[in-house]
Amino acid sequence: MGKGLPFFFRKNSRRRLKKAAGLQSPSSAPPPPPLRSSSPPELIDANGNNNSLVVGAATGPGKGKKKAGGAARLWMRFDRFGNSELVECDKSAIIKRVAIPARDLRILGPVFSHSSNILAREKAMVVNLEFIRAIVTAEEILILDPLCQEVLPFVGQLRQQLPHKNAVNSQQGAGTTADIHDNETHLSTGGQWLPVPEAVEGLQCELPFEFQVLEIALEVVCTYLDSSVADLERDAYPVLDELARNVSTKNLEHVRSLKSNLTRLLARVQKVRDEIEHLLDDNEDMADLYLTRKWIQNQQSEALVGAAASNSITLGTPHLPRLGSNRSASMVTGSVLDVDDVEDLEMLLEAYFMQLDGTRNKILSVREYIDDTEDYVNIQLDNQRNELIQLQLILTIASFAIAVDTLLAGMFGMNIPCELYNLHGIFGYFVGGSSTGCLFLFLLVLGYARWKKLLGS
């Protein structure tokens, strides 16, 4: 007893220590480590970008072989300056890095490969547009299966446009920051400098990184759909014209295959169009897509809270009038940017919505042409069917007249006594008269059918 606590006391103490350790949580979790290995082989493309191949970067040492046969998939990471690298990581690493629920990764899976979704999360945007499946944050983009043939144009556009756009943005941001330093319009918060709203406005004169990526994705998808519609139109009109000239089984099979492709293509265009229309109808969803704005607000809120906690907020007295403006006062309260301002994203989405609407109208025009051709073919078939019915009616009338003549011949062919058998030369006159009477009967019935408009003129 004198050596320490009894066994059950020690066990309960350990349990309380584990519980207390589990309840402790840091005030702000550190950012996830970059998806890089210690010494990955570098792949330098034609533009000079660093395309490092990182295999098993998210699994850690000693776990690469175990994860390689599991759910690890190939991703490509792009930062805002166009630097790219290939990474292979599992779902848990992606979820930990971009802070999205696990169900969002199912949307990027093969089950929903032909669906269209643009989902806004707290720190990321999940993009699933046709063959483009990516996760976009304020700093980087992760592309799933980047080596697919259809995804390569999207990767090429990112490598070509991101370095140029963000280099221009960096120069503009540096010039804006230099002007702000010259005018001394900064707010000191315990050793940290926060730009006033004028500086933020200068930094936001171009589209944020996430909207640049979204614009490139929409451009690639719309271009792909336009090219598909152009190929469909090029193949559709000759086939339909050939069917109008010659209704055959081969031509009908071609039109059936063409109509199936048109229906599938229309459904794909409609999905992307409906997703953009859904975003345009909901300003809250569009506001949630502003990842850079939310990131800036979080940074400023953390800085202001830390400064208030240390009681070190100081205002520069020579510039009180400028900081006393409405926008500067809103910055002090933590709302630097208007959360309801979605004009940039709305204009971006409206442009591609109109383009997709035009693509959809092209498909509908092709379908209308197919419907018109089918109506024309049906009219042709109905006309041929009517001609066959008329020919059948004429043959029926002729058969009736011949049947009357055959009846007379059968009556005189019976072996019964008759005075006409004794008349010399009566056979020729009788046969000629009966045939003439049957012909007159045929013309009479045919005229009656034309009088009743049962036959064409």
Side-chain angles (χ1 to χ4, degrees), residues 114-116 130-131 221-278 352-406 435 437-457:
H114 292 289
S115 62
S116 296
E130 287 293 318
F131 46 84
V221 170
C222 291
T223 303
Y224 174 78
L225 294 176
D226 284 339
S227 63
S228 299
V229 173
D231 295 339
L232 182 67
E233 289 179 338
R234 185 172 58 253
D235 297 337
Y237 292 113
V239 172
L240 295 174
D241 294 339
E242 180 65 24
L243 178 64
R245 289 191 298 268
N246 180 21
V247 181
S248 62
T249 305
K250 182 179 179 180
N251 292 334
L252 289 174
E253 181 63 26
H254 288 168
V255 173
R256 186 196 65 81
S257 177
L258 177 67
K259 200 169 184 178
S260 300
N261 296 334
L262 183 142
T263 303
R264 288 194 295 267
L265 185 59
L266 178 61
R268 295 168 65 180
V269 173
Q270 189 70 35
K271 288 179 182 178
V272 182
R273 178 181 176 274
D274 290 344
E275 183 62 24
I276 296 178
E277 185 178 12
H278 171 71
Y352 288 101
F353 177 80
M354 295 176 62
Q355 183 175 354
L356 288 171
D357 197 54
T359 304
R360 176 176 172 270
N361 291 334
K362 290 181 182 179
I363 298 177
L364 293 179
S365 65
V366 175
R367 189 169 69 176
E368 290 179 358
Y369 193 82
I370 292 177
D371 295 338
D372 294 341
T373 304
E374 289 180 348
D375 294 339
Y376 176 73
V377 170
N378 290 331
I379 291 173
Q380 281 187 332
L381 294 178
D382 292 340
N383 185 32
Q384 293 178 359
R385 192 178 298 111
N386 292 334
E387 291 178 355
L388 289 175
I389 293 175
Q390 292 178 6
L391 178 61
Q392 183 181 6
L393 180 60
I394 293 173
L395 293 177
T396 302
I397 296 173
S399 299
F400 172 72
I402 295 174
V404 172
D405 196 9
T406 305
S435 300
C438 291
L439 179 61
F440 177 75
L441 179 62
F442 170 75
L443 295 177
L444 180 64
V445 176
L446 186 65
Y448 177 78
R450 290 185 181 276
W451 178 62
K452 288 294 184 178
K453 297 181 179 180
L454 299 177
L455 295 174
S457 57

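Fair warning: this is a prediction, and the values are worked out from it, not measured in the lab. Side chains included, hydrogens not; waters and symmetry mates left out as well; all remaining heavy atoms used.
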- [ ] Check whether any side-chain heavy atom of Leu364 sits under 4.5 Å from a side-chain heavy atom of Arg360, and report yes or no.
- [x] yes
- [ ] Kindly compute the distance separating CE (Met354) from SG (Cys222), expressed to the nearest 0.5 Å.
- [x] 12.5 Å
TODO: Determine whether Glu374 and Leu243 make a side-chain contact, defined as any pair of heavy atoms from C-beta on separated by less than 4.5 Å.
DONE: no
TODO: Would you name the heavy atoms of Ile394 and Phe442 that are closest together and state the gap between them?
DONE: O-CE1, 3.9 Å
Task: Presence of salt bridge, Lys271 and Asp274, under 4.0 angstrom - done: no
TODO: Please report the shortest heavy-atom distance between Thr373 and Leu240, naming the atom on each side.
DONE: CG2-O, 3.6 Å
Open item on the list: Using 0.5 Å steps for rounding, measure from the CD atom of Gln392 to the CD atom of Glu387.
Closed with: 14.0 Å
Open item on the list: To the closest 0.5 Å, what do you measure between CG (Asp357) and CD (Glu277)?
Closed with: 9.0 Å
TODO: With side chain to side chain contact (heavy atoms under 4.5 Å, CB included) as the test, would you mind laying out the steps for Asn383 and Gln380 before giving the verdict?
DONE: CA-CA 5 Å; Asn383 185 32; Gln380 281 187 332; 5.7 Å; no
Task: Ser260 (side chain) donor-acceptor with Arg256 (main chain) under 3.5 angstrom - done: yes
Task: Minimum heavy-atom distance between Leu225 and Thr359, given as atom pair plus value - done: O-CG2, 4.2 Å
TODO: Enter the distance from Asn251:CG to Leu258:CG here, rounded to the nearest 0.5 Å.
DONE: 12.0 Å
Task: Chi angles and distances behind the side chain to side chain contact (heavy atoms under 4.5 Å, CB included) call for Asp371, Tyr376 - done: CA-CA 9 Å; Asp371 295 338; Tyr376 176 73; over 6 Å; no
Open item on the list: Quick check for you: to the nearest 0.5 Å, what is the distance between Ser116 atom OG and Leu356 atom CG?
Closed with: 9.0 Å
Task: Charged N-O contact under 4.0 Å between Glu242 and Lys250 - done: no
Open item on the list: Can you give me the closest heavy-atom contact between Asp235 and Val239, atom names plus distance?
Closed with: O-CG2, 3.2 Å
Open item on the list: Tell me whether Tyr237 at atom OH has more than 12 heavy atoms from other residues, nucleotides or ligands lying less than 6.0 Å away.
Closed with: yes
- [ ] Pick out which of Leu441, Leu444, Ile402, Leu446 makes a side-chain contact (heavy atoms from CB on, under 4.5 Å) with Ile397.
- [x] Leu446
TODO: Before accepting this row, confirm whether a basic side-chain N of the pair Lys362/Glu233 lies closer than 4.0 Å to the acidic partner's carboxylate O.
DONE: no
- [ ] To the nearest 0.5 Å, tell me how far Ile363 CD1 sits from Ser228 OG.
- [x] 8.5 Å
Task: Evaluation steps, ring-ring contact (aromatic ring centres under 6.0 Å, His included), between Phe131 and Tyr224 - done: CA-CA 10 Å; Phe131 46 84; Tyr224 174 78; 5.0 Å; yes
